[in-house]
Amino acid sequence: MRIPCPHCGERGNEEFLYRGVAGLARPAANAPDTQWHDYVYLRDNPFGSHRELWQHVHGCRRWLVVTRDTHTHTIADVADVATPAP
Amino acid sequence: MTSRLSQGGLIDRTVTIPFRFDGRTFSGHPGDTLASALLANDVRLFGRSFKYHRPRGVLSAGSEEPNALVELREGARREPNTPATVVELYPGLVAASQNRYPSLRFDLLAANNILAPLFGAGFYYKTFMWPASFWEKLYEPLIRRAAGLGRPATGPDPDNYERATVFCDVLVIGGGAAGLTAAREAGRAGARVVLCDEGPRIGGWLLSEPGPVDDRPAPEWAEEAVAEIQTMDEVRVMPRTTVLATFDHGSYVAVERVADHKPVPDSGEPRQRLWHIVARRSVLATGATERPLVFGGNDRPGVMLSSAVRTYLNRYAVAPGRRAVIVTAGEDGWDLLGDCLRLGVEVAAIVERRAALAQDRLDLARRAGALVFAGGHVGGTAGAMQLRAVDIVDVGGKRHRLAADLLAMAGGWTPAIGLACHLGARAEWSEDASAFLAGDAPPGMSVAGGAAGSTGLAHALQSGARRGAEAASACGFAATAHPVTAATQPAAPLWLMPANRRKAFVDFQNDVAASDVALAHREGYRSVEHLKRYTTLGMATDQGRTANINGLALMASLTGRDIAATGTTRLRPPHTPVAIGALAGMHRGRDYRPTRLPPAHGWAREQGAVFVEAGPWLRAQYFPRPGETDWLQSVTREVNGVRNGVGVCDVSTLGKIELVGSDAVTFLDRIYANTIATLPIGRARYALMLREDGFVLDDGTVARLAADRFVITTTTGEAHAVLSHLEYCHQVLWPELDIHFVSVTDRWAQFAVAGPRSRAVLRAVLDPGIDLADAAFSFMAAAECRAFGGVRARLFRISFSGELAYELAVPAADGDRAVRALVQAGMGEGITPYGTEAMSVMRVEKGYTAGGEINGQTTARDLGLEKMLAKHKDYIGRVLQRRPALREASRPILVGLRPTDRSARLHGGAHFLPLNAPATRAYDEGWVSSVAYSPTLGRWIGLGFLANGAERHGTRVRAYDPLRGGDTEVEITPPCQFDPEGVRLRG
């Protein structure tokens, strides 16, 4: 896979660290345990578009939100996590 | 005798190359393959088959070869299962036939052929079932001896391999008719082009037939086209390079056989180079593979593909037989007949699928003196080690036996579409092309020529030019497809001959016959994927490139479905076998990954250190001294040196991260489980970092250098993971925090100076201005200072040994000089350099945790550190570490242990069992995580995790270690077994 890093340009996926789905909100400290459980353990496994976090560890070290189709690996969008979602 | 034609061919007859096959010496010429040179020397028998040990010769002239597999080279360079059809001849080449005992012509295991009914599809599932114990001792060794192919190399691979990356606009895969025109048009337009071809000479099929192309002989046209593209600056032509796999987003992997055509690689030259090719567009021009025909005895040496016969005649000037029979499903056999007539090779007969033939065909046969069996088929073959006769059944059903030593099969063509299907696309059946075609090729890839199902040179040349121009245009270059003229040819349909009783092979390499396909059908293995697994059809090193379609066609006819409905198996990388060495590249042995050396490595080496890998680093494990005979002696001396005087240890490999910002305290309080906010300037604190799931991620120290400035340490092994974790926390979770941090692991060298006399050593090296008296610089103090006459330094009074101890950090460039100065300053105190082993002994004595304890499966509570956890703040892991199951008393908790027999030895990994309980999992109460011989206590001690361990100090359990045969009674103690009050470290 090739990932177009918004800071460094298109690079091979071996330069990146994968984490998982993007956009999870960390629950409040006093949130119920079930909410924490879901935050830490429950994930969707979508067939199709997936917004996910990759870190460009061998480049700018920024965490990026990559919108990737899990079926075709087509990458629709890459944005720095600091860039507001469109 | 020789089968070499007196003239023609793309070989250099002025040079003779000697080589050996099965101990006999032969000779060939530059331009020959091992197969063509052996055929020229009248060798027809190349090996024995996989299961039945049937004599086998050459089927093809390319990388699809299933039969003519040899062991190439000898000793550590021996490469089994190498197709003789792709081996370029080099002086001194040594090859041997495979799977024969004692000799190729006389093979005792050919008895398997007589026992063939026992060895049918799935035989290993049902023949040798009883009694079960016989499988391991008798049946499996027997089958392993009887079945199989070549033997592996006898030692480690002596050659070097490389990896390289190349970027281009247009990748052209295959340098035949279509590939050449594609590369030429893309190159003419100015695109950056990479052209890969598996052969040593670019041209593909153009080198195998006379042509004409643009009114010139095909090989001549190819040579001119190659010459033209080689003059283009932006075009890279890569012969001997096979594209193995297609990956996402225009990534391809290819292997270049840099030195396989030489006896050994030149000095410093890699044997092979693995290329990562990144291309904006690609043109798949891999051509097509001719299909064999399925009839009884179709595997006898002398039965060949008609395309192979044409290649040997035209390219290598070798007649692979003296009297041929041609059997053809379409036009290809007639082209061969034309070649034979022109070159003077006798053809006894041509067998045609079609019953009605045009007059020009009949005229051609008459001129060649060949009988014509229109509408006939082959009923069988005869011969022992070589084909002697062909049984032809004419259209009326009458059998004719014709003497012949060559039978050329033209069964139509199978496009080589593997690389178009690697991303998961299923091949689609095309009735027009009588072949599976790449339905939706990967984005950016187009398919041209034979790979796209076109037959005849004209189509290939024109479609290549078109695809090449389109690819260049898509990359923004103005390109046009120039016309090329050559002959056209219709596609030949699939031709299934009537079944007969003799073994008719579908997959030659795996000895799968038509009867095996029928057996799979009878037993219900009818889907193509089941057929493949049950019969092993298409599972050999050639991946069934000549076999798959015939197998599917047979299954389709048995089930009454058409081929489109039958489908084909999924095609996966690699397209052709690849040496593991090429995939590993330079990453082998010590170079598997880069080795990092701390700044004072040279000093440690001078001191005779024995080194150990710690994460990516090489660290001094211990420093043997003259007279010491084993590591335990050295380590014991080092521990005593520290405990009784002073020692110095390089701790530069610890991860170090510097943090600055007005929110630094807030950030650290969220990532650490204990409180940081109360840490005064000039102090350090031991701190624990959890994962969000509540388990411990890492531990280290946090030192506060100013109100908004901190330096934290991580363990050596987790430095990268912790940095990435911090970046996640800052960038993703709390981007609003004003904080900056950077890894400074490489910037600072750091040395632990430990022992009751450490203060004196420090005093000697520090510049004036810092007071080391306990009252002024107490336990856990931290300061920035100067040392060694003006060198910037950081001093921490932290201890991993339990002694009065300091850690002194200096810029990495000063590290070597600093450790030498420390040792110099400590001479009077008898300073002892110590390594990771002594460090570990002392931390086990003190009950401090390390990698054996913080292993990703333990919580702060398990480590006995629950009291550290902050109660009144939110931090990563706070909620989930409180889960009830993680807090049950029966969950193993950190304890110390010592054998009740003072002289007994302990082993890490032993499990705790109650005394007198059986050694079963039901009684397992925990495990031993670290052990050490404690010179201080004069006995082996350890750390471990024991159920209800906190209440069991003073009790006894078994430490049971079935792996090493250990079974030791141990006494449970608090984790800290030495100076529990910490008097020494506060001294």
Side-chain angles (χ1 to χ4, degrees), chain A residues 1-4 7 9-42 51-66 68-75 78-84, chain B residues 163 165 167 246-253 276-280 422-425 440 442-444 669-670 690-695 720-721 723-737 740-743 870-886:
Chain A
M1 280 206 324
R2 311 274 305 162
I3 299 175
H7 307 295
E10 185 191 288
R11 303 296 180 90
N13 66 334
E14 62 276 10
E15 292 188 8
F16 296 80
L17 175 74
Y18 179 75
R19 182 172 174 109
V21 68
L24 291 179
R26 190 168 182 269
N30 58 357
D33 283 4
T34 52
Q35 204 176 321
W36 276 97
H37 169 270
D38 292 359
Y39 169 67
V40 173
Y41 292 110
L42 270 198
R51 291 182 74 238
E52 56 199 18
L53 287 168
W54 293 73
Q55 188 188 13
H56 196 187
V57 284
H58 295 295
C60 55
R61 292 202 69 92
R62 290 295 300 178
W63 281 92
L64 309 173
V65 178
V66 176
R68 177 182 64 102
D69 188 304
T70 58
H71 180 218
T72 63
H73 287 185
T74 306
I75 292 175
V78 182
D80 189 293
V81 72
T83 311
Chain B
R163 286 203 219 169
T165 305
F167 294 80
T246 305
F247 294 104
D248 289 292
H249 306 153
S251 295
Y252 301 84
V253 168
H276 179 193
I277 303 172
V278 181
R280 297 168 71 191
H422 282 177
L423 298 189
D440 46 282
D669 257 329
R670 290 182 189 177
L690 309 189
R691 303 191 309 234
E692 197 72 278
D693 65 2
F695 291 86
H720 286 278
L723 181 67
S724 186
H725 172 67
L726 262 51
E727 286 163 335
Y728 173 80
C729 292
H730 181 223
Q731 295 174 28
V732 181
L733 296 183
W734 307 302
E736 69 281 5
L737 294 184
H740 294 271
F741 53 87
V742 65
S743 166
K871 301 214 168 33
H872 305 294
K873 68 164 187 176
D874 181 22
Y875 57 87
I876 299 272
R878 185 188 69 99
V879 174
L880 271 74
Q881 58 89 17
R882 291 187 319 210
R883 282 179 282 175
L886 296 180

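All heavy atoms count here, side chains included; hydrogens, waters and symmetry mates do not. Below, read A as the first sequence line, B as the second, and so on, with proteins coming before strands; counting in each chain starts at 1.
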Q: Take A:D33 and B:R882 through the test side chain to side chain contact (heavy atoms under 4.5 Å, CB included) and record every step on the way to the result.
A: CA-CA 10 Å; A:D33 283 4; B:R882 291 187 319 210; 4.3 Å; yes
**Q.** Atom group of B:S251 that falls short of 4.5 Å from chain A, counting heavy atoms
**A.** side chain
(Q) Could you measure the distance from the CG atom of B:L880 to the NE2 atom of A:H37? Nearest 0.5 Å is fine. (A) 8.0 Å
Q: Say whether, by atom type as modelled, one donor and one acceptor occur between the side chain of A:R61 and the main chain of B:E727 under 3.5 angstrom.
A: no
Q.
I'd like to know which of B:L733, B:D874, B:L423 tops the heavy-atom pair count under 4.5 Å against chain A.
A. B:D874
(Q) Counting heavy-atom pairs under 4.5 Å with chain B, which one of A:V40, A:L24, A:V57, A:V65 comes out on top? (A) A:V40
Q | chain B contact via A:R2 - which portion, at a heavy-atom distance below 4.5 Å | A | both
Q. Is a donor on one side and an acceptor on the other found under 3.5 Å between the side chain of B:H249 and the backbone of A:H73?
A. yes
**Q.** Close side-chain approach of B:S724 to A:W63, heavy-atom, < 4.5 Å
**A.** yes
Q) For A:L17, is it the side chain, the backbone, both, or neither that has a heavy atom closer than 4.5 Å to a heavy atom of chain B? A) side chain
Q) So, for B:D248 and A:T72, which heavy atoms are closest and what is the spacing to 0.1 Å? A) OD1-O, 3.7 Å
(Q) Using the ring-ring contact (aromatic ring centres under 6.0 Å, His included) criterion, which residues pair with A:H71? Sequence neighbours excluded. (A) A:F47
Q.
If I measure from the heavy atoms of chain B, does A:R62 come under 4.5 Å with its side chain, its backbone, both, or neither?
A. both
Q: With a 4.5 angstrom heavy-atom cut-off, could you sort out which part of B:R691 is near chain A: side chain, backbone, both or neither?
A: neither
(Q) Using side-chain heavy atoms (C-beta onward) and a distance below 4.5 Å, is A:R19 in contact with B:V732? (A) no
Q) Side chain, backbone, both or neither: which part of B:F247 has a heavy atom under 4.5 Å from chain A? A) neither
